[in-house]
Structure formats: C-alpha cells, structure tokens
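Take a look at the structure set out below.
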Amino acid sequence: MMKTISEILSALGIPLDKVEGKGLTVTSPVDGETIATVEIAGTEAVDAVIAQSKIAFEAWRAVPAPKRGELVRLFGNKLREHKETLAALVTLECGKIYQEGLGEVQEMIDICDFAVGLSRQLYGLTIASERPGHRMMETWHPLGPVAIISAFNFPVAVWSWNSALALVCGNSVIWKPSEKTPLTAIACQHLFEQSAIEFGEAPEYLSQLVIGTADVGEQLTKDKRIPLVSATGSTAMGRKVGPVVAERFGRTILELGGNNAIIVCPSADIDMALRAIVFGAVGTCGQRCTSTRRLYVHESIYDSVVPALKRAYSSVAIGNPLDEKHLVGPLIDEQAYTQMQNALALSAQQGGKLVGGERVLTDQFPHAFYVQPALVELADAATVQTETFAPILYVQPYTELTDAIARQNDVPQGLSSAIFTTDVREAELFTSAMGSDCGIANVNIGTSGAEIGGAFGGEKETGGGRESGSDAWKAYMRRATNTINYSRELPLAQGIEFNLD
Ligand code: NAD
C-alpha cells in the first residue's frame, strides 16, 4: 500500500503543482503534519465556475440518458483501476482505517453501477385522464447545475452518491468538498476528467471542483443559477444553508447530523450485537453520521452486556490507520478532541460513569489526536441529546421496549437506529409506524454501514434529504405533468362548461 502523498499522487497521474499552491494548508490527521497546500477559489472564480456549469448543463441535458450513463460507467471503471490508491489517500487525508477507505471507494463504484442502470430507468407514470381522447403522463427533466457540499468524514463517497445520480439525470455538478479534505477531491476530479476524455462527448466543465471554506459554499447556496444544493455536514451548517436556498426558492437535499441508537432486547444474539455495537461506536473513530452514540440494553441482560462491551473496548487496536492491524485511527483534529473532552466533562457533571476517553499515543504522534473510545453509563441527560463527533457511547438500561423506543426517538436528530432481537413482535414494532422515527431502522445489524441500494438520509434535524438508491434520483430532476388532447373537442376538467357562443 502506498503511504506517502507523492507516491499516491504520481500513481494517480496528478501533477505535484496541484498540491503546492497557496491558500489552504492540508494536514493529515495520521500524524498532524502538513501534506499539501492548495489554491482556494476566489469569488470571481466561483462565479465563472457557475457560469460554465450552466453552459455545460445546456449541452448535457440534450444527451440521451443511457449515453450519459456510459460516462458514469467509465468513471466507475477508473475507480476500480485506482481503488487501492484512492483508498490510501482517503486514509491519509481523513484518518479512517485503510479497510474503511477501501469500503468508501467501493461505495463509489457501487453507486456508479447503480446510476448506469438508472440511466435506462428514469421512468414517469401514465395516468388515467378523466376526459375522453386525452392522455396524461409525467416526464422527468434535468434541473440544472447541482452544487454538492460535502463533509470531511466521507470525503469522496458523498460526492459520488450525488454526482453519479445528478449526471445520469442530465445535470452538471459543482463540488465544494470539506476544507479538511481537498486532496481526495482533487484526485476524484482528475479521474473524472480522464473518464470524460475517454468518453469523448462530455461538454467541458460538466463536473467542476471549487476548493475553499464555508464562504465558498455560501456563495453557491446564494446563487440563483443553481436550482439544487445537496449539502452534507453538521446540523449547524444545514440550519444556515436551508433558509438561504429556500429564500430564493431553490431546492436542497440536507444530510446532517445523527444521534443513532441501538436497542438490545433480552432475546438478542449477544455476540452479534456486541460486534455491531463496537463497529458502530468506535469505527471511523466515532466520526460517521451513522455512528452508534446511544445504547439501550434490557435490564435483564445489562449486567452481562455492559462488562462484555468494556472488555471489547479495552482490546480494540488503536493506531496508524494505514497499518492494517489497527481498527481505530485518529480524530480529525484538535478541535474534535476538545469537543470530545468537553462532552465527557459535561456527562461526568450530569452523573455519567466513564470508561476510556483519554488521549493516547502522544509519544508516537505528538501532533495527532488518537483517543481511547469512551463508554459512559448515563441515564437520559442533556449531553445525550447532542451529536459529539467522536467515539462516545452512552449506555442506559431499559425495562419496557415501548419506553426504550420512546427514549430512542426523544432526540432532535433522526438518522439511523437498530434493534437486536429474535422476537418477531419486537422487530415488527420497531420498524412499524409506532417504532423508530429515523430514516434508517435496522433489525439485527448496526446503525452504520448502509448499502447504496436504499435511499439514505434522516428525519428531524438530520435534514429530511434522501440520496443514493431507491427513488432518490427524483430529487435531482424536475417533474412535468403533460396532458395531451388527441380528440377534436376541448372538454374542461371537472366538467366545467365554458361556451363562447
Ligand atoms: P461541517 O458542517 O463543519 O462542514 C460540512 C461542509 O459544509 C464543509 O464543506 C463546509 O465548508 C460547508 N459549510 C459550512 N458552513 C457552510 C455554510 N454556511 N454555507 C455553505 N457551506 C458551508 O461538517 P463536518 O465537520 O465536515 O462533518 C461532520 C458532520 O457531518 C457531522 O455532523 C456528521 O453527522 C455530518 N454528516 C452527515 C451525513 C449524512 O448523510 N447525514 C454524512 C456525513 C457527515
């Protein structure tokens, strides 16, 4: 596996001057060292990108959808070719372990495959007309330039979920990646451009990249030429982006914070539950939107499950994420570490019993932030209501399942949830209208690690957006209802008479 930035960039064919610009310093969370400096897009440059995107859209929308799918197919192949290299770059830039880096690139490949199939399935309905000699139908049309604003923790997958769909739907795309992960974005853009050359018929500027901080994202959200903004990140970000886009009657897909819970019932397969809880809570160092943050364990098994969990926590291998023996890498930066420590201090004040949470490996990595994942036994308290983007798991016993479900739902966020049970009544209740209020409700698998085939997203302060599989593509298109009169009369709907003579 390649482990240095120059090895990776040269394997991808990216000229080094692309990462030796002025402006944004890129630091690897692996060791806290600077790995690149990249150019930030100024206001005028962003404006030009939007103008170019509009022109590209006008050409792209005329290309038949299955043909558009061909470009996405070529891009998927490019990703297959460079999967290991791109995964190593993901690991180096955002700190997730290499296995998860590989998983992230696989997700990109999967969504490309999905989008290629979709490019032949952008179906509309035909609808029975109440008037004789009339036909009604729905047609789906491309929207225009789509802005994709993404978070650091899925630096490449989130863009691909959006762009693969947006492109087969006939849109152009503009990507504003997290300011913490611009290198993976440069790499994806480079691979996409190579695929576009191979394709031969893509308009110039079909997919563009704008690098910068929140103000670059803000400029995209304000611009009327962009009908759809798909923004992934914190709830605080969504709270700003939502109203700005709504004010100009643009559309958003908001994919925001989660506060995900697992309920473990008396009949659960405990070994399976333990594996799912540990992967969900400590995987990606607790930095997934779907990370498991709360655990409700039935009181009859609480005293066996919680000690077993503590044992599993103490044996998890923490260290350099590029080394395949480690299961937990670092936090993204010092700010994330401070937020974690603040949340732990608050939970202690609120009566929490804490195991773990301390900084580790400081001799080996004095400038990086590796932590022992924390487990806090704490009844519902104010801290449990917030998403701290770090490996903190709040554990609580429950007596009645209906009460556990109510407590699970009693947080502002609504992304992912899971129940471990072998009792069909409990499983069905959990997935019913009286059960979990989240966008994802699983039985006997954890809260994280969704497949691309389903629609992904959550309710309440998670933003309500859906992307990826199922019929999420509809959000990237506009719907037209067409009524066609092939008769020689002009009957009005609802039987209205309107005779001119
Ligand atoms: P963040 O909110 O700090 O930043 C996300 C992106 O938004 C960045 O590109 C940032 O520059 C941009 N941004 C910030 N303010 C903006 C503004 N006013 N206008 C336009 N753009 C703006 O999030 P982060 O720390 O990178 O990522 C972690 C968060 O993302 C967590 O809350 C996590 O749950 C969430 N997340 C959600 C999903 C999901 O699908 N629901 C997926 C991944 C991450």
Side-chain angles (χ1 to χ4, degrees), residues 24 29 40-41 46 93-96 100 104 107 111 147-162 174-182 184-185 209-223 226 229-247 250 252-260 284-293 331-333 335-337 339-340 343 386-390 411-416 438-440 447-450 452 454-469 472:
L24 191 63
I40 289 182
V46 175
E93 197 177 35
C94 87
K96 61 177 64 176
E100 290 186 81
E104 177 152 0
E107 250 181 272
I111 195 71
I148 302 164
I149 297 172
S150 59
F152 80 85
N153 67 319
F154 274 92
V156 290
V158 164
W159 169 71
S160 70
W161 298 343
N162 282 282
I174 303 169
W175 181 14
K176 206 302 271 175
S178 165
E179 51 274 42
K180 295 176 186 178
T181 55
T184 41
L209 183 62
V210 288
I211 288 173
T213 49
D215 50 336
V216 172
E218 220 174 306
Q219 189 179 342
L220 296 174
T221 61
K222 285 180 181 159
D223 201 299
I226 298 177
V229 176
S230 176
T232 300
S234 58
T235 294
M237 177 276 285
R239 222 184 278 288
K240 288 187 187 147
V241 166
V244 171
V245 182
E247 200 182 11
T252 48
I253 299 173
L254 295 178
E255 298 285 351
L256 311 174
N259 190 354
N260 319 295
T284 331
C285 199
Q287 299 169 112
R288 282 191 185 216
C289 51
T290 51
S291 287
T292 310
R293 310 208 176 276
L331 287 170
I332 186 75
D333 56 18
Q335 189 192 6
Y337 173 70
Q339 281 166 356
M340 178 180 183
T386 57
E387 178 200 48
T388 303
F389 219 51
V411 292
Q413 311 81 356
L415 181 52
S416 186
C438 294
I440 299 168
T447 56
S448 66
I452 61 93
F456 182 88
E459 303 300 326
K460 303 188 288 188
E461 291 190 4
T462 302
R466 291 295 185 277
E467 52 194 28
S468 204

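Counting starts at 1 for both ligands and their atoms, following the listed order.
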ask   = Using 4.0 Å as the upper bound for N to carboxylate O, is an ion pair formed by Lys222 and Glu247?
value =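 No, Glu247 and Lys222 are not salt-bridged.
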query = Among Val216, Ile40, Ile149, whose side-chain contact (heavy atoms from CB on, under 4.5 Å) with Val210 holds?
reply =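 Exactly one pass, corresponding to Val216.
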request  = Could you give me the CA-CA distance, side-chain angles and deciding distance for Thr290 and Phe456, then say whether side chain to side chain contact (heavy atoms under 4.5 Å, CB included) is met?
outcome  = CA-CA 11 Å; Thr290 51; Phe456 182 88; 3.8 Å; yes
task = For Phe389, enumerate each residue passing the ring-ring contact (aromatic ring centres under 6.0 Å, His included) test, keeping only those at least two apart in sequence or located in another chain.
result =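 For Phe389 the ring-ring contact (aromatic ring centres under 6.0 Å, His included) partners, ignoring immediate neighbours, are Phe152.
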Atoms in ligand 1 flagged as close to [X], the criterion being non-hydrogen separation under 4.0 Å:
{"X": "Met237", "value": "2 (O), 7 (O), 13 (N), 14 (C), 15 (N), 16 (C), 22 (C)"}
{"X": "Pro177", "value": "9 (O)"}
{"X": "Ile149", "value": "6 (C), 7 (O), 9 (O), 12 (C), 20 (C), 21 (N)"}
{"X": "Asn153", "value": "43 (C), 44 (C)"}
{"X": "Ser178", "value": "9 (O)"}
{"X": "Phe389", "value": "28 (C), 31 (C), 33 (C), 34 (O)"}
{"X": "Gly257", "value": "32 (O), 34 (O)"}

Is ligand 1 under 4.0 Å from a heavy atom in the side chain of [X], in the backbone, in both, or in neither?
{"X": "Thr232", "answer": "both"}
{"X": "Lys240", "answer": "side chain"}
{"X": "Glu179", "answer": "side chain"}

Just need the protein heavy atom nearest to [atom], so name the residue and atom and give the distance.
{"atom": "atom 40 (O) of ligand 1", "result": "Phe456 CE2, 3.1 Å"}
{"atom": "atom 27 (O) of ligand 1", "result": "Ala151 CB, 3.3 Å"}
{"atom": "atom 36 (N) of ligand 1", "result": "Cys289 CB, 3.6 Å"}

Examine [X] against ligand 1 and note whether any of their N/O atoms are separated by less than 3.5 Å.
{"X": "Phe152", "result": "yes"}
{"X": "Glu387", "result": "yes"}
{"X": "Leu256", "result": "yes"}
{"X": "Ser150", "result": "yes"}
{"X": "Lys176", "result": "yes"}

Is [Y] close to [X] at the side-chain level, that is, under 4.5 Å between some pair of heavy atoms?
{"X": "Pro177", "Y": "Ser150", "value": "yes"}
{"X": "Lys180", "Y": "Pro155", "value": "no"}
{"X": "Leu256", "Y": "Glu461", "value": "no"}
{"X": "Val241", "Y": "Leu254", "value": "yes"}
{"X": "Cys94", "Y": "Thr184", "value": "no"}
{"X": "Glu387", "Y": "Thr235", "value": "no"}

request  = Start with the C-alpha distance between Thr284 and Glu100, add both sets of side-chain angles, then the distance that settles side chain to side chain donor-acceptor pair (under 3.5 Å), and finish with yes or no.
outcome  = CA-CA 8 Å; Thr284 331; Glu100 290 186 81; 2.4 Å; yes
message = Go through it in stages, so that I can follow the logic: the residues are Gln287 and Asn153, the test is side chain to side chain donor-acceptor pair (under 3.5 Å), and I'd like the CA-CA distance, side-chain angles, deciding distance and then a yes or no.
response = CA-CA 6 Å; Gln287 299 169 112; Asn153 67 319; over 6 Å; no
message = Measuring from atom 2 (O) of ligand 1, which candidate in Gly233, Ser230, Ser234, Ala157 has the nearest non-hydrogen atom?
response =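 Residue with the shortest heavy-atom distance to the ligand atom: Ser234.
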query = Who's closest to atom 17 (C) of ligand 1 heavy-atom-wise, of Thr462, Ile332, Val241?
reply =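 Nearest option to atom 17 (C) of ligand 1, by heavy atoms: Val241.
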Reported OG1-to-CH2 distance for the pair Thr232 and Trp161, which is rounded to 0.5 angstrom =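 It is 7.0 Å, given to the nearest 0.5 Å.
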query = Within a distance of under 4.0 Å, is there any protein heavy atom near atom 4 (O) of ligand 1?
reply =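 No.
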